[in-house]
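To keep things clear, I will list the structure first and then write my remarks on it.
Every heavy atom of this structure was used, including side-chain atoms; hydrogens, water molecules and symmetry mates were not.
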Amino acid sequence: MNDGAQALLWDASFPSLRLKGGGSRQFLHGQTSAAIQQAPDHQLIRSCWLTATGRVQALLEVRLDPEGADVLVLCGDAEALLTGFDRVIFPADRVKITQSGQRRRLQRLCPAHQPPQWDQEVLWLEGTSLPSDWESLNLANPDQLEHWRLNLGLPFSKQELNGDTNPLELGLGDWVSLDKGCYLGQETIAKLASRDGVKQKLRCWTVQPSEALATSPAIGDTLLHKGDRAGTITSAVQEGSSWRGLALIRRGALQQPSLELSTGSQAVRLQEPPAFQECGSAQTS
């Protein structure tokens with residue numbers, strides 16, 4: 001993603017909500033997938049906002065403080081989140097949504113010569129001036145950001161976060177607590193996790209330049225195994241004469257090292273994304 005050894009800077013603004021009141025922790029604990037009730041103030045918490053049936057509607061970053069909490073919508077429909085929260089807030093919850101707007105967010109991205117990592121330093125910026133130790137970072141352009149995302153296997157596109165996928169399929173295990181008790185979507189997630197019951201999982205794919213392509217891979221293309229449907233491409237980007245991206249692969253084909261494009265006989269090599277985490281691996285109650 002970068003020809004040099006210098007780390008890159010992801011600098012973008014995202015929709016955010018401000019929750020205020022003594023019940024903010026308990027409310028977010030029950031409405032999102034992370035263990036928030038006992039989390040320390042000012043710690044960045046990654047969490048999912050799910051439907052009642054466990055489908056991912058939005059990916060969130062949450063920071064608590066003594067007066068309430070800030071919620072940043074990293075991916076998903078912020079207006080739907082605001083409406084959804086507002087619909088279920090009651091006076092007894094002791095929480096109010098006091099404002100919504102945009103929040104500037106910075107993240108260091110590792111240099112190209114290092115293995116890709118997701119958990120790099122993140123900063124929510126107050127004001128307009130960059131901290132002195134961030135000023136030397138090169139601003140990542142959209143192509144570099146997309147290559148970084150795909151190298152890690154982060155499900156940040158609308159094709160992966162489409163309202164029909166759950167955290168276990170997308171590798172968002174470290175965004176979900178299996179131990180914290182009742183929350184929106186909890187029953188479905190608990191059943192899927194206990195039975196390893198997901199029908200598909202996210203995988204990175206590549207087509208090497210030595211394999212001449214009859215047609216270019218595209219979002220929505222079907223992947224086949226022995227002529228049967230085995231997956232669907234959700235993200236695709238060209239790198240010189242090669243291609244890479246993400247795909248949702250059916251359970252029965254997850255152990256296959258490669259599949260075939262339905263638009264030709266080219267081999268599509270599969271790999272588990274570096275950022276993929278099974279549920280229950282990182283969250284505690």
Side-chain angles (χ1 to χ4, degrees), residues 1-3 54-57 59 74-76 109-110 112-118 140-173 175 192 196-279:
M1 54 177 268
N2 183 15
D3 292 334
R55 274 52 179 292
V56 182
Q57 300 187 88
L59 302 181
L74 191 62
C75 188
L109 309 184
C110 60
H113 70 281
Q114 295 181 3
Q117 298 179 49
W118 160 234
N141 62 43
D143 287 342
Q144 290 171 319
L145 284 172
E146 182 67 354
H147 283 262
W148 171 80
R149 180 183 80 84
L150 296 180
N151 284 336
L152 279 166
L154 296 170
F156 289 174
S157 82
K158 292 181 180 179
Q159 287 71 40
E160 289 108 27
L161 203 73
N162 58 15
D164 195 38
T165 48
N166 64 60
L168 285 76
E169 295 172 330
L170 298 177
L172 299 172
W175 299 57
L192 289 173
D196 191 21
V198 296
K199 63 181 180 180
Q200 59 186 358
K201 289 186 180 182
L202 195 68
R203 290 293 182 263
C204 296
W205 61 266
T206 56
V207 176
Q208 299 302 318
S210 59
E211 298 162 355
L213 290 171
T215 58
S216 301
I219 293 170
D221 281 356
T222 298
L223 300 177
L224 303 175
H225 177 56
K226 296 183 178 179
D228 294 328
R229 183 184 181 92
T232 303
I233 290 177
T234 59
S235 293
V237 66
Q238 188 171 10
E239 295 183 338
S241 56
S242 65
W243 286 80
R244 70 167 56 247
L246 300 176
L248 285 166
I249 304 300
R250 290 188 172 186
R251 181 188 180 98
L254 286 170
Q255 301 306 315
Q256 300 301 321
S258 64
L259 301 174
E260 290 185 349
L261 283 169
S262 60
T263 54
S265 59
Q266 291 82 12
V268 176
R269 292 175 172 80
L270 302 180
Q271 175 186 342
E272 182 174 304
F276 196 97
Q277 295 286 330
E278 300 290 348
C279 260

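- The CD atom of Gln159 sits 10.5 Å away from atom CG of Leu248, with the distance rounded to the nearest 0.5 Å.
- Listed by chain and residue number, Lys201, Arg203, Ile249 satisfy the side chain to side chain contact (heavy atoms under 4.5 Å, CB included) test with Leu254 (two or more places apart in sequence, or in another chain).
- A 4.5 Å side-chain heavy-atom check between Leu261 and Leu223 finds at least one atom pair inside the cut-off.
- The nearest pair of heavy atoms linking Ala140 to Leu109 is CB-CD1, 4.2 Å.
- For the pair Val268/Trp243, no side-chain contact is recorded, criterion being any heavy-atom separation below 4.5 Å from C-beta on.
- Among pairs with a residue in residues 222-243, those fulfilling salt bridge (charged side-chain N to carboxylate O under 4.0 Å, His left out) read Glu239-Arg244, at least two apart in sequence or across chains.
- When side chains are defined from C-beta on, Ser258 does not count as touching Leu270, because their heavy atoms never get closer than 4.5 Å.
- Distance check: Ser262 OG to Ile233 CD1 gives 8.0 Å after rounding to the nearest 0.5 Å.
- Remark: Leu161 engages Val56, Leu59, Cys75, Leu170 in a side chain to side chain contact (heavy atoms under 4.5 Å, CB included) (not counting sequence neighbours).
- For the pair Ser242/Thr206, no side-chain contact is recorded, criterion being any heavy-atom separation below 4.5 Å from C-beta on.
- Counting only residues at least two apart or in different chains, salt bridge (charged side-chain N to carboxylate O under 4.0 Å, His left out) contacts with residues 245-266 comprise Asp196-Arg251.
- Not counting sequence neighbours, Phe276 has no partner by the ring pair (Phe, Tyr, Trp, His ring centres under 6.0 Å) test.
- In this structure, the side chains of Asp143 and Val237 stay at 4.5 Å or more apart for every pair of heavy atoms.
- Taking every heavy atom of both residues into account, Pro167 and Gly54 meet most closely at CD-O, 3.4 Å.
- What you find for Cys204 and Asn151 is that their closest heavy atoms are SG-O, 4.3 Å.
- Applying the salt bridge (charged side-chain N to carboxylate O under 4.0 Å, His left out) rule to pairs touching residues 156-167 yields Arg55-Asp164, Arg149-Glu160, sequence neighbours excluded.
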